[in-house]
Chemist: 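Before I ask anything, let me first share the structure, which is written out below as structure tokens.
Remember, it's a predicted structure, so these values are computed and weren't measured experimentally. For this chain, numbers begin at 1 and follow the sequence in order.
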Amino acid sequence: MSVEFTEAIKRQGLPLAGLIEAGSGFRIGGLPFVLTGQSADHWQHTNVQHDLVVDSALQMRGACAIITRRLRNEGAQTSPPLDVIEPLYLEFGQPAERWRHIYANGGTAENFYPPSAYRTHECSRSPSLVIESHPQGRSSNLHLPLIISLASTEPRSEGLFCGLEWSGGWYMKWGGTGDGRSFLGAGPKVRGLRLAPGESLALPPVHLGFFRGGPAAGTNALRRYLYTSVCARYQGQPVLPRVSYDHWFGIDNQLNADLLAREARRAAELGVETFVVDAGWFPGEFPEGVGNWDAVDTRKFPDGLEPFAEYVRSLGMDFGLWFEPERAAEGTTWLREHPDWFVPMPRTQEWLKNPPYHIDLSRREVQDFVIEQIGRWISRLDIRWSRWDYNVDPAPFWEAVDPTLKIQFPYMEGLYRVLDTLMQQHPNWMVEGCASGGRRIDIGTMKRAHTYWFSDQTADPFLCRYMQARANRFLPGHLLNSSVAVGLGEGDAGFNDVAVLSRMLGKLAFDGDIASWSPQVTRRMAQWVREFKAIRHLMVQDFYQLLPTPQTAEDWDAVEFASHDGDEAVLFVYTGAVGGSRNVALHGLEPMQRYTVTRRPEGAAV
């Protein structure tokens with residue numbers, strides 16, 4: 001006897017199982033599909049009128065379902081135009097207004113408080129909700145492509161979390177069916193997409209998890225799933241947040257070998273583990289030299305990068321290097337030698353002098369070229385870390401190549417193949433995802449990044465702290481790289497305990513002219529680095545927001561990271577400008593256990 005797709009999910013005995021209605025679990029263009037085949041955890045549905053077939057597979061990882069689908073045209077005619085391709089479409093036996101939803105903005109950069117970046121939204125009693133990518137195309141430029149939804153506003157309600165493994169345009173939509181039921185649909189953004197006879201598309205995989213226990217349980221179920229089942233591993237092991245240095249914020253294009261040697265010596269004093277040369281190491285500087293990946297700027301590095309990389313290693317740190325392979329500037333080597341591989345783009349960023357060009361990674365020969373070129377640098381310099389940047393909005397590229405946006409499918413497959421291949425060929429290489437900050441954070445890139453440069457706002461400690469604290473409600477802390485950034489010649493002013501503690505709610509880094517610090521500030525920062533290393537294993541475990549989200553920089557803020565087994569926790573409390581005292585209830589600990597409480601960095605018992 002055949003079992004429909006959603007029935008297989010219900011039979012897992014998961015939370016919310018009683019609410020899920022029968023059905024195929026997807027929606028394609030509003031067309032009717034019937035179940036025409038099933039074996040084990042695989043299903044085949046067919047639209048007889050147009051000979052369209054959807055092949056589905058279900059993989060369970062604990063309380064999370066990973067749903068993969070392929071859409072095929074088996075007919076002799078081109079398919080009708082499709083405006084809706086949803087690899088997830090579930091109906092639930094309760095009204096839309098019963099649900100409570102939690103979601104967040106993406107990784108933008110603002111100069112006001114509270115920033116828009118990672119601002120958390122909670123809504124209930126709503127007949128509909130849509131979260132989506134920005135119209136310009138980067139996946140987390142508007143919203144993070146993750147949502148936590150609870151079946152009611154009860155404190156310990158059951159719920160689900162959902163995310164798409166997709167780095168292009170997307171949406172998730174909650175709504176009502178008009179008959180007292182509700183639905184959740186999710187998919188890539190397309191416009192009138194057609195499939196040629198014999199053509200098929202691998203649809204974005206869906207990650208759908210279930211939990212009990214209310215909002216905090218939903219946060220920690222999502223964080224734990226992402227960390228254990230999605231996030232890239234390093235040398236086969238889960239990643240803990242490393243302490244890194246990057247020159248860009250504070251030095252930018254003014255880098256040279258002598259200056260960075262001074263910064264490297266200071267970084268080693270601090271206890272930095274990875275030293276990264278960011279943009280500007282190539283001829284033409286940033287941004288107009290992006291695409292000159294064949295040479296080093298010998299005005300800045302007269303002997304090339306090899307001696308400098310070796311010097312970094314002699315100080316006990318790994319060497320890292322910045323790349324942005326998906327964009328090229330006018331007149332650069334890659335664009336000049338392979339003009340047919342690039343598509344001209346409008347100048348949408350004010351800091352660009354000239355319109356950029358976008359590489360076409362949907363083409364196999366282009367993928368192979370990028371793998372070979374970047375791989376050569378990794379081998380040549382023994383690069384252990386790269387910031388893989390993406391400072392361009394892709395929507396104009398997609399629309400120029402294919403107004404239906406079908407180009408996204410082979411492009412994402414190409415991007416993932418490039419990163420997967422480089423990581424397989426160079427197992428000592430770590431990737432820091434970046435897209436003008438955190439504008440391409442999604443499950444697709446998460447599988448191929450060991451951390452993210454999660455916002456280009458790195459100057460204001462209050463904003464950095466706000467963003468890290470809020471983002472932790474959805475992402476394990478090692479993904480949230482924030483930096484203490486020092487301007488060239490800036491010295492000690494403003495670099496106190498608050499400056500570093502406001503970047504310790506995830507992954508800690510340093511930028512710019514740290515060599516301008518006095519010995520006193522250097523020793524204090526090194527002390528905090530040691531403290532961070534002692535607690536960083538907790539950044540990837542359970543997270544609790546203990547006070548209401550601050551609305552001004554003067555408000556209190558308190559968050560806690562606790563081990564899964566309840567043996568230990570670290571509490572961060574920021575008293576703002578109002579001072580005073582408050583009672584803060586801790587979570588995730590064992591009520592009958594005795595704990596030792598110490599204040600850091602002094603280590604004295606409280």
Chemist: Taking atom types as modelled, is there a side-chain donor on E432 or W322 under 3.5 Å from an acceptor on the other?
Modeler: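 No, because no side-chain N or O of E432 sits under 3.5 Å from a partner of the opposite role on W322.
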
Chemist: By the definition side chain to side chain contact (heavy atoms under 4.5 Å, CB included), identify the one residue from L240, N481, V239, L479 that meets it with H450.
Modeler: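 Single pass found, and it is V239.
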
Chemist: Between N428 and R384, which heavy-atom pair has the shortest distance, and what is it?
Modeler: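 Minimum heavy-atom separation between N428 and R384: O-CD, 3.3 Å.
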
Chemist: Could you check whether the rings of H478 and Y227 sit parallel, tilted or perpendicular, using 30° and 60° as the cut-offs?
Modeler: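 If you compare the ring of H478 with that of Y227, the planes turn out perpendicular.
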
Chemist: Within this structure, what is the NZ-OG1 distance for the pair K189 and T404, rounded to the nearest 0.5 Å?
Modeler: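 K189 NZ to T404 OG1: 15.0 Å, rounded to 0.5 Å.
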
Chemist: Please report the closest heavy-atom contact between R223 and L475, naming both atoms and the distance.
Modeler: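 Smallest interatomic distance, heavy atoms only, reads NH1-O, 2.8 Å.
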
Chemist: Enumerate the side-chain hydrogen bond (donor to acceptor under 3.5 Å, both in side chains) contacts for residues 75-85, please, sequence neighbours excluded, ordered by first and then second residue.
Modeler: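 Every candidate side-chain hydrogen bond (donor to acceptor under 3.5 Å, both in side chains) pair involving residues 75-85 fails, so no pair, neighbours aside, qualifies.
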
Chemist: Looking only at side-chain N and O atoms, does N292 offer a donor or acceptor that is under 3.5 Å from a partner on T332?
Modeler: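 No, N292 and T332 have no side-chain donor paired with an acceptor closer than 3.5 Å.
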
Chemist: For Y118 and I441: C-alpha separation, side-chain torsions, deciding distance, then whether side chain to side chain contact (heavy atoms under 4.5 Å, CB included) applies.
Modeler: CA-CA 11 Å; Y118 303 103; I441 298 176; 3.3 Å; yes

Chemist: Quick check: W334 with Y357 (ring centres under 6.0 Å apart)?
Modeler: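 That pair fails the under 6.0 Å test.
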
Chemist: Between N73 (side chain) and L195 (backbone), is there a donor-acceptor pair under 3.5 Å?
Modeler: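 Flag set: sc N73 to bb L195 pair under 3.5 Å.
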
Chemist: Determine, for D420 against K447, whether the closest basic-nitrogen to carboxylate-oxygen distance falls under 4.0 angstrom.
Modeler: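 No, D420 and K447 are not salt-bridged.
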
Chemist: For L35 and S24: C-alpha separation, side-chain torsions, deciding distance, then whether side chain to side chain contact (heavy atoms under 4.5 Å, CB included) applies.
Modeler: CA-CA 8 Å; L35 181 63; S24 65; over 6 Å; no

Chemist: Spell out, as yes or no, whether a donor-acceptor pair under 3.5 Å connects the side chain of Q541 to the backbone of H564.
Modeler: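 The answer is yes, because a donor-acceptor pair under 3.5 Å joins these two groups.
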
Chemist: Find the distance between CZ (R473) and CG (N220) and round it off to the nearest 0.5 Å.
Modeler: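 Reported to 0.5 Å precision, the distance equals 10.5 Å.
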
Chemist: Whether R363 and D340 form a salt bridge (side-chain N of Lys/Arg under 4.0 Å from carboxylate O of Asp/Glu) is what I want to check.
Modeler: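 Salt bridge flag = yes for R363 with D340.
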
Chemist: Do the ring planes of W429 and H426 sit parallel (below 30°), tilted (30 to 60°) or perpendicular (above 60°)?
Modeler: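 Answer is perpendicular, since the angle exceeds 60°.
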
Chemist: Looking at Y390, is R439 sitting on its ring face, NZ or CZ under 6.0 Å from the six-membered ring centre and within 45 degrees of the normal?
Modeler: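 No, R439 and Y390 do not form such a contact.
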
Chemist: Could you check I9 against F210 for side chain to side chain contact (heavy atoms under 4.5 Å, CB included), going step by step and ending with a plain yes or no?
Modeler: CA-CA 11 Å; I9 295 179; F210 300 87; 4.2 Å; yes

Chemist: Minimum heavy-atom separation for G444 and Y416, please, with both atom names.
Modeler: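 So the two residues come closest at CA-OH, 3.5 Å.
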
Chemist: Without swapping roles, check the side chain of D393 against the backbone of R138 for a donor-acceptor pair under 3.5 Å.
Modeler: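 Not at all, since once roles are kept as given, no pair shorter than 3.5 Å links the two residues.
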
Chemist: Please confirm whether the ring centroid of F5 lies under 6.0 Å from the ring centroid of H45.
Modeler: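 No; H45 has its ring centre 6.0 Å or more from that of F5.
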
Chemist: Does the ring center of W166 lie less than 6.0 Å from the ring center of F409?
Modeler: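 When the ring centroids of W166 and F409 are compared, they turn out to be within the sub-6.0 Å range.
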
Chemist: Under the side chain to side chain contact (heavy atoms under 4.5 Å, CB included) test, which residues partner L142, sequence neighbours left out?
Modeler: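 Once residues adjacent in sequence are excluded, the partners of L142 under the side chain to side chain contact (heavy atoms under 4.5 Å, CB included) criterion are E132, H134.
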
Chemist: Can you see which heavy atom on T108 is nearest to which on S455, and at what distance?
Modeler: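 Of all heavy-atom pairs spanning T108 and S455, the closest is O-OG, 2.8 Å.
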
Chemist: Sort and list the pairs that fulfil ring-ring contact (aromatic ring centres under 6.0 Å, His included) and have at least one residue in residues 175-196, not counting sequence neighbours.
Modeler: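 Counting only pairs at least two positions apart or across chains, the ring-ring contact (aromatic ring centres under 6.0 Å, His included) contacts touching residues 175-196 are Y89-F183.
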
Chemist: Does a side-chain heavy-atom distance below 4.5 Å link K507 with Y452?
Modeler: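 When only atoms from C-beta onward are counted, Y452 and K507 do not touch, as no gap falls below 4.5 Å.
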
Chemist: If I take atom OG from residue S149 and atom CH2 from residue W99, how far apart are they, to the nearest 0.5 angstrom?
Modeler: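 It is 6.5 Å, given to the nearest 0.5 Å.
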
Chemist: For H207 and Y225, run side chain to side chain donor-acceptor pair (under 3.5 Å): C-alpha distance rounded to whole Å, both residues' side-chain angles, the deciding distance at 0.1 Å, then the answer.
Modeler: CA-CA 10 Å; H207 297 250; Y225 172 73; 2.7 Å; yes

Chemist: Please walk me through it: do L222 and F211 pass side chain to side chain contact (heavy atoms under 4.5 Å, CB included)?
Modeler: CA-CA 9 Å; L222 173 58; F211 61 88; over 6 Å; no

Chemist: Could you go through the side chain to side chain donor-acceptor pair (under 3.5 Å) check for E4 and W43 one step at a time?
Modeler: CA-CA 8 Å; E4 187 52 279; W43 290 260; 4.9 Å; no

Chemist: Return the NZ to CZ distance between K406 and R191, rounded to the nearest 0.5 Å.
Modeler: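 Interatomic distance, K406 NZ to R191 CZ, rounded to 0.5 Å: 14.5 Å.
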
Chemist: T6 side chain to G25 main-chain N or O, any donor-acceptor pair under 3.5 Å?
Modeler: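 Here the side-chain-to-backbone pair does not exist.
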
Chemist: Please test H358 against Y411 for ring-ring contact (aromatic ring centres under 6.0 Å, His included), starting from the C-alpha separation and ending with a verdict.
Modeler: CA-CA 11 Å; H358 200 299; Y411 187 92; 5.5 Å; yes

Chemist: Nearest 0.5 angstrom please: T120 OG1 to R470 CZ, how far?
Modeler: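 Rounded to the nearest 0.5 Å, the OG1-CZ separation comes to 6.5 Å.
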
Chemist: Distance alone, cut at 3.5 Å: any donor-acceptor contact between the side chains of N141 and Q136?
Modeler: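 Q136 and N141 do not have a side-chain donor-acceptor pair below 3.5 Å.
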
Chemist: Under the side chain to side chain donor-acceptor pair (under 3.5 Å) test, which residues partner S139, sequence neighbours left out?
Modeler: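 So S139 forms a side chain to side chain donor-acceptor pair (under 3.5 Å) with D442.
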
Chemist: Report, as yes or no, whether the 6.0 Å neighbourhood of atom NZ on K173 holds more than 12 heavy atoms from other residues, nucleotides or ligands.
Modeler: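 Counting other residues, nucleotides and ligands, NZ of K173 stays at 12 neighbours or fewer.
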
Chemist: Looking at the rings of W174 and F92, which for Trp means the six-membered one, are their centres under 6.0 Å apart?
Modeler: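 That pair passes the under 6.0 Å test.
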
Chemist: List the atom of A186, the atom of P87, and the distance in Å for their closest heavy-atom pair.
Modeler: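 So the two residues come closest at O-CD, 3.2 Å.
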
Chemist: Whether the S200 and R70 side chains hold a donor-acceptor pair (N or O, under 3.5 Å, no angle test) is what I'd like checked.
Modeler: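 S200 vs R70: donor-acceptor pair found between side chains.
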
Chemist: First locate atom CD1 of I85, then atom CZ of R27, and finally report the distance between them rounded to the nearest 0.5 Å.
Modeler: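 It is 11.5 Å, given to the nearest 0.5 Å.
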
Chemist: Does anything in residues 226-242 pair up under salt bridge (charged side-chain N to carboxylate O under 4.0 Å, His left out), and if so which pairs, sequence neighbours excluded?
Modeler: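 Matches after skipping sequence neighbours: R242-D318.
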
Chemist: Do the side chain of Q94 and the main chain of A151 share a donor and acceptor less than 3.5 angstrom apart?
Modeler: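 A pair under 3.5 Å: yes.
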
Chemist: Could you list the residues that satisfy side chain to side chain donor-acceptor pair (under 3.5 Å) with W398, not counting sequence neighbours?
Modeler: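 Scan of W398 (side chain to side chain donor-acceptor pair (under 3.5 Å), adjacent residues dropped) gives none.
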
Chemist: Treating N47 as the side-chain partner and P32 as the backbone partner, does any N or O pair qualify as donor plus acceptor under 3.5 Å?
Modeler: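 Yes: the side chain of N47 pairs with the backbone of P32.
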
Chemist: Looking at E413 and R417, is any side-chain nitrogen of the basic one under 4.0 Å from a carboxylate oxygen of the acidic one?
Modeler: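 Salt bridge: no.
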
Chemist: Measure from the side-chain N and O atoms of E165 to the backbone N and O of I443, and report whether any donor-acceptor pair falls under 3.5 Å.
Modeler: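 Judged by distance alone, no pair lies under 3.5 Å.
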
Chemist: Is there a donor-acceptor contact under 3.5 Å from the side chain of S157 to the main chain of S152?
Modeler: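 Present.
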
Chemist: Closer than 3.5 angstrom, by distance alone: can the side chain of R387 be matched with the main-chain N or O of C434 as a donor-acceptor pair?
Modeler: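 No; zero donor-acceptor contacts below 3.5 Å.
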
Chemist: If you measure from the Lys or Arg side-chain nitrogens to the Asp or Glu carboxylate oxygens, is any gap between R181 and D179 under 4.0 Å?
Modeler: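 Answer for the salt bridge query: yes.
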
Chemist: Quick one: does T445's side chain have a donor or acceptor within less than 3.5 Å of a partner on R440's backbone?
Modeler: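 Here the side-chain-to-backbone pair exists.
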
Chemist: Could you tell me how the ring of W293 sits relative to the ring of F282: parallel (under 30°), tilted (30 to 60°) or perpendicular (over 60°)?
Modeler: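 The rings of W293 and F282 stand perpendicular, inter-plane angle above 60°.
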
Chemist: Could you pull out the closest heavy-atom pair between N105 and L144, with the gap in Å?
Modeler: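 Between these two residues, the closest heavy atoms are O-CG, 3.6 Å.
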
